[in-house]
There are 2 protein chains.
Amino acid sequence: MSNSLSETSVGLDPVRKEILTGARELFIHFGFKKTTMEDIAKKIGRSKSSLYYYFKTKEEIFEAMALEDMDFQHRNAVETMNREEAVQDRFRSFVVSLFTHLISNKQEYSVFKAELMENPFLIMNITEKRNAYMEVFLKDLVLYGIRRGEIRELSHEEIDIWAKAINVSLKGIGSRLFLGNDQEKFKDHLGFIADALFMGITTKI
Amino acid sequence: MSNSLSETSVGLDPVRKEILTGARELFIHFGFKKTTMEDIAKKIGRSKSSLYYYFKTKEEIFEAMALEDMDFQHRNAVETMNREEAVQDRFRSFVVSLFTHLISNKQEYSVFKAELMENPFLIMNITEKRNAYMEVFLKDLVLYGIRRGEIRELSHEEIDIWAKAINVSLKGIGSRLFLGNDQEKFKDHLGFIADALFMGITTKI
DNA sequence: ATTTTGACCCATAAACCAAATTAGTCGAAA
DNA sequence: TTTCGACTAATTTGGTTTATGGGTCAAAAT
């Protein structure tokens, strides 16, 4: 389970953290483009050049911040999930946790909606890392379920495909929650959605 | 089942069709932005003004063309699907048909990849109509399955949610097939993916 | 009445340039 | 090892002009 999104969680450097928390506030308030390196530096009472001692580029700061957030959010979901035993319960719990967090923090990240499509390259790295992480996570979960006899014996290939498919599915649902304006209907049925994806909707037998 | 994406299939007007087929070729070759109304007019040997007798705007032409294509593609999938009896088989058949078509026509539509994010407003209407269509389609399919006793009795609300969730899931998988570069792995497992979404991956009972 | 057209209009895109910002570098200082 | 001020190079901004191309319209053609 040595699967994680961000290295910074170990808190390697206090200044690094300082930069990230300062940057986070500015990014969330003004977006990526309108936040200058000067702004970040001033915010934490340091010179702009200092930032370049810890990060190579502005993008790198943004990326580190985003990954840190996602990491926190995922750790949270995993922690909640691990209180369950059955895979179905774990999956449902994980999905519900992720999406409720997404919905409740929706406002906070709304600044990025516009920017996301102005420069998609910005989130490319982040997306890739997240995908890689999620796929490993989902594969592990399937293996856990198979071990418990709650999931049919699937081939390696099938597990891989399933993980990829469910990942993009969840992403699709996530974007709809984030961008769409019908979260209301969704948010009360997150558990149902998770179960439907995992267990299907057919009559058992 | 009076559920369709495009009215033009009835072939209301030959000139309208002419315009659409001419426009299609140009759009596919040069993209939306670089094809001018002049180009389209010249292509079919008419004056630019004529186009405005049949369509209000350039966007409307593009939209009509796209909807016509999608309509064809969906009619095809439905036709294939209807050869099956069991819902599971129908769903799988439908999904496989749609996605194989997508994969094989991928090259043709690659011009739009870039344009899609340059002006997302362009496909907004199309996307909305497609979503509406797909949700109705999926709901109908569920009702069919419930009638056959192959799908558990779901509430109206749940059917609605399921249709929305599966629609965005399929869209997610579709984009991955269209934009990503790992179709190879996917394309041989489309049936598996469809089954997994529909029937889940848990051991039955 | 329906369809087509050329001449026209005008919003927007492109091309250009000067000025200002700002990301990123570097050597020296702390 | 870490921080900083001064520098530079690239990008952005703002303002202007030109050109393109979407869209209108009244008249002509069918």
Side-chain angles (χ1 to χ4, degrees), chain A residues 8 10-27 29-66 111 114-115 117-125, chain B residues 8 10-27 29-66 111 114-126:
Chain A
T8 59
V10 210
L12 296 126
D13 196 312
V15 183
R16 225 185 121 93
K17 276 195 157 178
E18 221 183 316
I19 293 172
L20 287 180
T21 50
R24 172 172 301 112
E25 205 172 312
L26 291 167
F27 281 142
H29 203 78
F30 303 107
F32 176 77
K33 211 174 164 189
K34 303 207 76 159
T35 311
T36 72
M37 292 297 266
E38 273 285 341
D39 292 338
I40 301 174
K42 213 172 286 171
K43 177 111 202 169
I44 59 170
R46 278 186 159 68
S47 90
K48 190 180 60 158
S49 314
S50 314
L51 302 180
Y52 288 96
Y53 182 74
Y54 297 93
F55 299 95
K56 269 212 275 291
T57 66
K58 187 181 168 186
E59 279 81 7
E60 202 174 292
I61 296 183
F62 184 83
E63 191 180 314
M65 179 216 74
V111 200
E115 264 180 341
M117 35 201 202
E118 271 172 32
N119 35 358
F121 66 90
L122 183 62
I123 53 156
M124 229 176 56
N125 280 321
Chain B
T8 58
V10 210
L12 296 126
D13 197 311
V15 183
R16 223 186 123 92
K17 275 194 159 179
E18 222 183 315
I19 294 172
L20 287 180
T21 49
R24 174 174 299 111
E25 204 173 312
L26 290 168
F27 281 142
H29 204 79
F30 303 107
F32 176 77
K33 213 174 164 189
K34 301 207 77 160
T35 35
T36 72
M37 292 298 265
E38 274 285 342
D39 293 338
I40 300 174
K42 214 172 285 170
K43 177 113 202 168
I44 59 170
R46 276 183 161 69
S47 89
K48 188 179 62 160
S49 314
S50 318
L51 303 180
Y52 288 96
Y53 183 73
Y54 296 94
F55 297 95
K56 270 213 275 290
T57 65
K58 186 181 169 187
E59 279 81 8
E60 202 175 290
I61 297 182
F62 184 83
E63 193 180 312
M65 179 218 73
V111 200
E115 265 180 339
L116 282 193
M117 37 201 201
E118 271 171 32
N119 36 358
F121 66 89
L122 183 61
I123 53 154
M124 226 176 57
N125 279 321
I126 301 171

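Lettering of chains follows the sequences in order, A, B, ..., and the numbering in each one begins at 1. Just so you know, these numbers come straight off a predicted model, no measurement behind them.
Distance check, rounded to the nearest 0.5 Å: CZ of B:Arg24 to CG of B:Leu26 gives 11.5 Å. Here the CD-CG distance, from B:Glu59 to B:Leu122, works out to 6.5 Å after rounding to the nearest 0.5 Å.
A:Lys58 has its NZ atom 14 Å from the P atom of D:dT11, to the nearest Å. Between the P atom of D:dA19 and the CD atom of B:Glu38 lies a distance of 18 Å, rounded to the nearest Å. The CD1-P distance, from A:Ile61 to C:dT22, rounds to 15 Å in whole Å. D:dT2 atom C1' lies 13 Å from atom CD of A:Glu18, rounded to whole Å. Atom-to-atom, CZ of A:Phe62 to P of C:dG24 comes out at 14 Å; the value is rounded to the nearest Å. Atom CE of A:Met37 and atom P of D:dC7 are 21 Å apart (whole Å). Atom pair A:Tyr52:OH and D:dC7:C1' shows a separation of 14 Å (rounding to whole Å applied). Between the NZ atom of A:Lys34 and the P atom of C:dA23 there is a distance of 13 Å, rounded to whole Å.
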What N/O pairs connect the protein and nucleotides 1-5 of chain C at under 3.5 Å? Give each pair on its own line.
from  : atom 1 : to      : atom 2 : distance (Å)
C:dT3 : OP2    : B:Tyr53 : OH     : 2.6
C:dT4 : OP1    : B:Arg46 : NE     : 3.4
C:dT4 : OP1    : B:Arg46 : NH2    : 2.8
C:dT4 : OP2    : B:Tyr54 : OH     : 2.5
C:dT5 : OP2    : B:Ser47 : N      : 2.9
C:dT5 : OP2    : B:Ser50 : OG     : 2.8

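The heavy-atom pair separating B:Phe27 from B:Lys58 by the smallest distance is CE2-CE, 4.4 Å. When all heavy atoms of B:Asp39 and B:Lys34 are compared, the pair lying nearest together is OD2-O, 3.7 Å. Across all their heavy atoms, A:Val111 and A:His29 have their closest contact at CG1-O, 4.3 Å.
Evaluation of the side chain to side chain contact (heavy atoms under 4.5 Å, CB included) rule for A:Phe55 yields A:Arg16, A:Ile19, A:Leu20, A:Glu60, A:Ile61, A:Ala64 as partners, not counting sequence neighbours.
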